[in-house]
Each structure stands twice: as C-alpha cells, then as structure tokens.
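For ligands, and for the atoms within them, numbers begin at 1 and follow the listed sequence. For the numbers below, each heavy atom of this structure counts, side chains included, while hydrogens, waters and symmetry mates do not.
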Amino acid sequence: MSKYYSLQTRLLHNTHKVDKATGAVSVPIQHASTFHQDSFDDFGKYDYARSGNPTREALEIAIAELEGGGYGFAFSSGMAAISTAFMMLRSGDHVLIPDDVYGGTFRFITEVLSRFQIEHTFVDMTNLALVETQIRPNTKVIYIETPSNPLLKVTDIKAIVALAKQYGCLTYVDNTFMTPACQRPLELDVDVVLHSATKFLSGHSDVVAGLAVVKDKILAKEMRFLQNSFGAILGVQDCWLVLRGLKTLHIRLQQSIESAIKLARFLENHSAVREVNYPGLESHPGHTLQCKQASSFGAVLSFSLQSEDDVRQLLNNIEIPVFAVSLGAVESILSYPAKMSHEAMPKEERHKRGISDGLLRLSVGLENVDDLIEDFANALDAIVTE
Ligand SMILES: *Cc1c(COP(=O)(O)O)cnc(C)c1O
C-alpha cells in the first residue's frame with residue numbers, strides 16, 4: 001500500500017488489511033507458543049513465540065508504518081517498553097529526563113536504573129539553554145515527553161535532537177499523548193519513540209500495552225535482543241485489541257480534540273478556574289511550537305482550581321467523566337495528579353514542578369461536548385455559589 005495515503009486511510013488499508021493465507025479482513029490471533037521446524041538446518045521465520053509471533057508482528061509493523069518508518073516492538077505495558085528501551089544503557093551512563101516526566105518513568109529512573117549506576121538529571125526540557133548546561137560527557141539519552149503530563153508543556157523536539165546530535169546522545173520521545181495521528185517524532189530525527197498503547201492507540205480502557213519504534217537498524221537489533229532477553233512481550237489477544245483500536249484512532253482523536261478545544265475555552269472563562277493548560281489555547285506558551293511540530297493539540301488538558309476543597313466539591317458534583325487514573329479512552333477521564341499519578345512524588349517536589357493541590361487533568365472522550373460543558377458548568381457553578 002502506498003505510504004502517500006493519509007494516516008486516516010492507512011489506519012485501515014495497510015500491510016495487514018487482509019490475511020494472505022485466508023483473505024480474512026481482521027488479523028488472525030495466532031496462539032501457538034512454538035512453531036514446527038522442517039529441519040535444524042533450516043529454521044522457519046518463527047520458532048518460539050517470545051522471539052516472534054505473527055499477530056504481534058502485525059502490530060509491530062502497523063505501528064512502525066504509522067510512525068513513518070523504522071522497526072516496531074510490542075510490550076506488555078508502556079512501562080515495559082520504556083524500561084526495555086532504557087536497558088540499551090550501560091552502567092556509568094547518564095540520562096537527561098524532563099522534570100515533569102510520567103510518574104512510572106520517574107520511579108523506574110530514580111529507583112531501578114540508579115541500582116545499576118545509571119545516573120540521571122531532571123531538567124526543564126522547554127529551557128534549551130538549561131538543557132545544554134546539564135549534558136555531561138557520559139550523557140547517552142535525552143528523554144522527552146511533549147506535551148508533558150500533567151502541565152502540557154511543549155518541548156521543541158527538533159532543537160533537542162540537534163543538541164543531542166551535537167553531544168552524541170540518543171533522543172527518546174514518549175509519544176503517548178500525541179500518537180502518530182498528531183505527531184511523528186521519527187520524522188524529526190528522534191531515535192526511539194515510545195508509547196503506552198493502553199491510552200489513545202487502543203482507546204477503550206480495556207488493554208494494557210506498550211510500543212516502541214526505533215529508527216535505525218543497529219538500534220533495532222539491540223531492541224529486538226532486549227525484547228527477547230527481558231521477555232516483556234505483549235500477548236496475542238492484547239495485540240489484536242490494540243490493532244482493533246488503531247482502526248478508529250483518527251476519528252476518535254478528531255472528535256475528542258474538537259471537544260477539548262471547546263472545553264478548554266469554556267474552562268478558561270469560568271471564574272472558579274485559575275488556569276487552563278492546553279496547547280490548543282492561543283494563550284498557552286507552547287501554542288506556536290505545538291502548531292509547528294505537531295498536526296494537532298491532543299485531547300488532554302489540565303486546569304487548576306483554588307484549593308483541594310474546590311477539587312473535592314467539583315468531584316462531588318461532576319457526573320459524566322470517570323474519575324480514574326489513565327487517559328486516552330472513549331469515555332472522558334478526570335484525574336487528580338496530586339493524589340494519583342504524582343502521589344509518589346514528595347509534596348515540595350510536586351509543588352516545585354507546578355503540580356498544585358488544585359490541579360485536575362481531563363482526558364476528553366467521545367461524549368457530546370455540550371453535555372460535557374453543561375456538566376462542568378454545573379459542578380463549577382456550585383463552587384462559586386458555595
Ligand atoms: C500511562 C503512561 C505510561 C505508562 O504506560 P503503561 O501502559 O501504564 O505501563 C507512560 N507514559 C505516559 C505518558 C503515560 O501516560
């Protein structure tokens with residue numbers, strides 16, 4: 001299939017649109033854990049399913065095609081993909097990490113990588129001059145999440161890649177919030193793209209999965225080796241669920257983003273709301289950069305109320321969104337970073353990073369946007385009239 005079709009079309013018409021053996025229009029789930037070999041001189045394409053399986057391979061090819069090339073890898077969770085990618089490092093290496101990195105990645109870097117003498121420095125990735133001062137001779141990876149969680153800060157991917165190349169480092173991008181439908185870091189010369197496919201890619205809050213896409217052949221060989229060595233592969237049923245979710249990625253995001261823009265505007269104008277963080281708002285400091293390096297703004301925003309009490313009151317009155325960790329689903333999900341994703345972070349650290357006790361994160365789903373706005377209006381009005 002020509003790669004010149006839009007992503008919207010390629011989500012449906014790709015290498016796996018029909019099964020070559022049967023013509024089936026849905027990728028068959030191949031449960032076999034091992035594959036018969038005709039002789040020991042001539043092993044077939046598959047031998048043992050940890051090393052390779054046709055259903056997983058279909059997903060790995062699909063994500064690589066969507067990210068614009070390279071080699072795909074499917075893992076049992078986003079964290080499995082991220083940790084395996086960090087295992088390309090060796091003891092004595094150093095990594096630069098955004099100071100508002102995803103909580104699980106924060107834990108892995110500070111509490112696991114540190115056991116193997118792999119050092120880290122947290123830095124505000126949006127401050128390029130500061131990033132450069134933190135690069136050391138042993139820095140091997142600069143890690144980016146953009147827009148970041150939960151403050152939606154936008155990092156200049158191209159500028160970080162240029163810095164990384166100048167100092168001989170690799171760049172990793174966690175592309176969970178954007179997905180290849182909105183942002184394709186490999187096209188900006190990033191080395192490794194990582195995903196929690198638990199979120200938008202699968203999109204229905206029914207599977208935990210991770211994906212990695214690696215640009216270069218030598219790095220891909222190393223990832224393949226590590227994927228097989230650690231063995232944190234994605235099971236075939238879950239591969240199929242992600243493949244199914246991918247088919248509607250474009251239309252789901254389009255709808256959710258349209259609603260997110262309307263909701264952000266509504267929240268920005270409500271007197272109970274102190275601040276709204278959403279790169280789709282012209283007032284957002286990363287707006288112009290976001291327009292330059294991504295094709296859209298995503299469906300996640302955060303906003304802050306005056307206090308923890310206000311948050312409690314909003315949660316008592318809001319009806320539609322699910323109150324839960326996670327994001328990127330058909331249903332809107334409201335979460336409270338201070339007590340959920342960033343609970344493990346000491347309070348001073350959290351406040352220093354701008355994650356206040358009044359901050360809420362909203363992942364906008366597929367509900368009717370007027371219903372969502374009405375629901376938020378009622379819950380926020382109750383705070384004001386209190
Ligand atoms: C959820 C998430 C992860 C971790 O993925 P899991 O599938 O939960 O292991 C990593 N990065 C970001 C940005 C996430 O939102």
Name the closest protein heavy atom to [atom], giving the residue it belongs to and the distance to 0.1 Å.
| atom | answer |
| --- | --- |
| atom 4 (C) of ligand 1 | Y102 CE2, 3.4 Å |
| atom 9 (O) of ligand 1 | M79 N, 2.8 Å |
| atom 6 (P) of ligand 1 | G78 N, 3.3 Å |
| atom 1 (C) of ligand 1 | K199 NZ, 1.4 Å |
| atom 7 (O) of ligand 1 | T198 OG1, 2.7 Å |

Would you name the heavy atoms of T126 and V154 that are closest together and state the gap between them?
CG2-O, 3.3 Å
Nearest heavy-atom pair of A32 and A49: which atoms, and what distance?
O-CB, 3.5 Å
Where's the contact between A197 and ligand 1, heavy-atom distance under 4.0 Å: side chain, backbone, both or neither?
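The answer is neither; A197 stays 4.0 Å or more away.
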With a 4.0 Å cut-off on heavy atoms, is [X] touching ligand 1?
| X | result |
| --- | --- |
| A81 | no |
| D174 | yes |
| T105 | no |

With heavy-atom distances below 4.0 Å as the criterion, list the atoms of ligand 1 near [X].
| X | answer |
| --- | --- |
| S77 | 7 (O), 9 (O) |
| A209 | 7 (O) |
| I82 | 10 (C) |

Residues K140, E119; criterion salt bridge (charged side-chain N to carboxylate O under 4.0 Å, His left out); working and verdict:
CA-CA 10 Å; K140 291 289 158 60; E119 304 174 312; over 6 Å; no
Step-by-step salt bridge (charged side-chain N to carboxylate O under 4.0 Å, His left out) determination, D309 to R312:
CA-CA 5 Å; D309 274 350; R312 193 165 283 122; 3.4 Å; yes
Can you name the one residue among V95, D93, V101, L113 that meets side-chain contact (heavy atoms from CB on, under 4.5 Å) with H120?
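The side-chain contact (heavy atoms from CB on, under 4.5 Å) with H120 is passed solely by V95 among V95, D93, V101, L113.
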Should the heavy atoms of other residues, nucleotides or ligands under 6.0 Å from CZ of R136 be counted, would the total exceed 12?
yes
Proximity of Y143 and F86 rings by center, below 6.0 Å
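That pair passes the under 6.0 Å test.
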Centre-to-centre under 6.0 Å for F106 and F122, is that the case here?
yes
Can you find a pair of side-chain heavy atoms, one from Y167 and one from T139, that are under 4.5 Å apart?
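Side-chain contact under 4.5 Å: no.
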Do S196 and ligand 1 have an N or O pair less than 3.5 Å apart?
yes
